[in-house]
Amino acid sequence: MPSSLTEFQDCLKESKKIVALVGAGLSVSSGLPTFRGSQGLWKNFNMIDLATPDAFYIDPGLVWQFYSWRRVNALKAKPNKGHYALAALAKVKGDDFITITQNVDGLLIRAGHPKRTLFEIHGSLFDLKCTNFMCNYVEHDNFKHPLTKALSDTENEFETGGRKRKITDDAENAKVSPTFTPVKQLSEKDLPQCPVCKDGSLLRPGVVWFGEPLSMTLMDKIDNFIEEGEVDLILVIGTSGTVYPANSFVDRVRLKGGKVAIFNTDIESDILKGEQKDTWGFKGDASETLPLALKPLIGTI
Ligand code: BV8
């Protein structure tokens with residue numbers, strides 16, 4: 001076993017308080033795309049450009065088709081061994097462990113992660129909330145598909161042709177970006193409506209978009225966990241560390257003397273060579289590397 005793994009596992013067994021920071025990479029082997037890199041596209045749109053309030057204001061039908069596609073994909077996906085490994089660690093460690101996930105796919109809950117120590121800081125695909133400022137209607141755990149008749153087939157057209165992107169295969173056309181017919185134009189009456197508001201306000205996905213603040217309640221709980229006593233170790237799993245404030249937790253744990261273990265398919269060479277102080281890097285698919293690394297505490301997944 002590589003010395004770094006043995007070293008890490010000794011630290012894991014001695015650690016009292018542990019944090020896991022999770023990103024889209026953990027769900028890749030469940031078949032869900034990451035935000036950056038080649039899979040971060042939906043019908044030629046950059047996923048980041050669709051996860052904003054402006055995108056929803058400009059074309060709520062487009063954004064709802066994107067989220068309808070992601071809901072269906074997440075419902076079809078199954079938790080992988082990486083999700084189960086984290087859920088198992090949470091059960092072993094109890095209140096001395098928290099998982100901060102940027103993912104909205106709900107796979108950690110389906111893997112049995114206790115909700116009490118799971119912080120879905122970017123919300124969930126399965127929460128809906130009213131867009132009317134005066135209305136505070138929020139719905140949790142809505143796994144219904146389709147949410148409206150108009151949204152019933154949008155996710156299929158991407159897979160079954162119809163509006164499938166014509167990925168050009170001959171060299172000279174490859175220069176142009178793949179072409180596709182625009183997605184269906186949906187009007188607001190075709191989209192999910194608030195059941196409480198009289199004037200039929202639109203419902204939106206219960207996720208945190210770029211430019212929106214995160215829940216203060218969640219952030220306070222995370223701050224308390226990190227600030228009260230020493231966090232000995234943070235597991236950084238399948239995240240590019242691009243998004244703030246999620247990416248700030250790694251340095252906060254490091255500044256308090258905690259060690260860092262990175263589980264990613266893409267890790268800087270100096271970390272892999274063990275040249276970064278108190279930092280381990282385990283290169284590979286997190287659904288494989290994580291269960292192996294956590295084995296001394298969780299057994300075999
Ligand atoms: C806020 C929900 C303030 C929606 C998401 C300029 C500089 C710095 C920051 C900013 C800036 N301009 C603006 C900001 C702030 C902004 C931000 O960080 N922007 C980024 C793009 C620079 N942040 C915000 O806006 C946040 N809010 O700051 O509010 C405020 C305060 C008061 C009042 C008003 C405002 C809100 C951010 C939340 C955005 N919502 N998701 C949805 O999901 O649809 S973030 C989105 O990105 C997803 O949650 C995703 O999970 C997340 C983070 O990305 P990753 O998870 O890391 O995924 P990524 O694709 O990047 O990387 C995948 C990784 O996995 C890679 O490293 C890859 O190598 C690895 N991998 C791949 N396969 C595997 C693997 N690893 C292991 N195994 C594998 N098999």
Side-chain angles (χ1 to χ4, degrees), residues 24 32-33 35 40-77 101-110 115 118-158 163 181-221 243-246:
L32 299 182
F35 267 68
L41 280 180
W42 175 77
K43 298 181 193 283
N44 262 15
F45 290 92
N46 186 322
M47 287 165 72
I48 293 180
D49 297 337
L50 293 164
T52 67
D54 287 353
F56 189 77
Y57 175 75
I58 293 163
D59 188 346
L62 173 71
V63 174
W64 258 121
Q65 291 174 74
F66 170 56
Y67 280 94
S68 180
W69 174 72
R70 288 188 58 206
R71 283 167 57 94
V72 174
N73 269 7
L75 288 169
K76 281 193 287 192
T101 185
Q102 301 169 89
N103 298 346
V104 295
D105 56 34
L107 290 179
L108 277 166
I109 292 177
R110 285 172 53 197
K115 287 193 174 181
L118 173 61
F119 295 98
E120 295 179 306
I121 57 171
H122 292 163
S124 168
L125 289 169
F126 306 107
D127 290 351
L128 304 177
K129 57 186 193 183
C130 183
T131 54
N132 177 346
F133 186 70
M134 305 302 286
C135 172
N136 53 13
Y137 178 79
V138 179
E139 200 174 318
H140 296 290
D141 301 333
N142 175 318
F143 302 110
K144 198 165 140 273
H145 179 73
L147 283 171
T148 65
K149 195 172 165 321
L151 288 173
S152 57
D153 65 351
T154 46
E155 75 288 348
N156 296 330
E157 71 197 20
F158 188 65
R163 299 176 191 213
T181 43
V183 291
K184 212 186 280 181
Q185 289 304 318
L186 298 181
S187 69
E188 292 205 7
K189 67 173 176 31
D190 297 322
L191 300 174
Q193 308 283 325
C194 175
V196 169
C197 285
K198 296 212 189 0
D199 63 358
S201 306
L202 268 186
L203 288 179
R204 57 164 278 184
V207 298
V208 179
W209 279 325
F210 289 102
E212 294 187 318
L214 276 65
S215 145
M216 289 312 293
T217 318
L218 287 190
M219 296 304 278
D220 287 347
K221 286 182 182 170
V243 175
Y244 175 82

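- Phe119 has its side chain out of reach of Leu214: every pair of non-hydrogen atoms, C-beta onward, lies at least 4.5 Å apart.
- Around CG of Asp220, the count of heavy atoms belonging to other residues, nucleotides or ligands within 6.0 Å exceeds 12.
- The salt bridge (Lys or Arg N to Asp or Glu O under 4.0 Å) contacts involving residues 54-65 comprise nothing, where partners must be two or more places apart or lie in separate chains.
- Residues satisfying the side-chain hydrogen bond (donor to acceptor under 3.5 Å, both in side chains) test with Gln193, not counting sequence neighbours, are none.
- Using a 4.5 Å cut-off on side-chain heavy atoms (C-beta onward), Leu151 and Pro192 make contact.
- At least one side-chain heavy atom of Lys76 sits less than 4.5 Å from a side-chain heavy atom of Asn73.
- Formation of a donor-acceptor pair under 3.5 Å by the Arg71 side chain with backbone atoms of Lys144 is found in this model.
- Taking both residues in full, the closest heavy atoms of Ala150 and Lys184 are given as O-NZ, 3.5 Å, listed atom of the first, atom of the second, then distance.
- Remark: Leu75 engages Phe126, Phe143 in a side chain to side chain contact (heavy atoms under 4.5 Å, CB included) (not counting sequence neighbours).
- For the atom pair NE2 of His140 and NZ of Lys129, the computed distance is 10.0 Å after rounding to the nearest 0.5 Å.
- Of all heavy-atom pairs spanning Leu107 and Ala77, the tightest one is CD2-O, 4.1 Å.
- In terms of heavy atoms, Leu191 sits closest to Leu202 at CB-CD2, 3.6 Å.
- Atoms CG and CG, on Asp127 and Leu203 in that order, are 11.5 Å from each other to the nearest 0.5 Å.
- Listed by chain and residue number, Asp141 satisfy the salt bridge (Lys or Arg N to Asp or Glu O under 4.0 Å) test with Lys115 (two or more places apart in sequence, or in another chain).
- The shortest side-chain heavy-atom distance between Thr101 and Glu120 falls under the 4.5 Å cut-off.
- With sequence neighbours left out, the side-chain hydrogen bond (donor to acceptor under 3.5 Å, both in side chains) criterion links Asn103 to no other residue.
- Interatomic distance, Tyr67 OH to Phe56 CZ, rounded to the nearest 0.5 Å: 10.0 Å.
- Contacts of Phe133 classified as side chain to side chain contact (heavy atoms under 4.5 Å, CB included), with partners at least two apart in sequence or in another chain: none.
- With sequence neighbours left out, Pro146 forms a side chain to side chain contact (heavy atoms under 4.5 Å, CB included) with Ser152.
- The salt bridge (Lys or Arg N to Asp or Glu O under 4.0 Å) analysis of residues 188-198, with sequence neighbours excluded, yields no pairs.
- Residues Asp105 and Leu125 share a closest heavy-atom pair of CA-CD1, 4.1 Å.
- Using a 4.5 Å heavy-atom cutoff, the side chains of Ile121 and Val208 are not in contact.
- For Phe66, the ring-ring contact (aromatic ring centres under 6.0 Å, His included) partners two or more places apart in sequence, or in a different chain, are Trp42.
- With sequence neighbours excluded, the residues forming a side chain to side chain contact (heavy atoms under 4.5 Å, CB included) with Asn132 are Cys130, Met134, Cys135, Cys197, Asp199, Ser201, listed by chain and number.
- In this view, Glu212 and Arg204 satisfy the salt bridge (Lys or Arg N to Asp or Glu O under 4.0 Å) rule, not counting sequence neighbours.
- Looking at heavy atoms from C-beta onward, Tyr137 lies out of side-chain contact with Leu128 at the 4.5 angstrom threshold.
- Leu147 is listed as a side-chain neighbour of Trp64, based on a closest heavy-atom distance under 4.5 Å.
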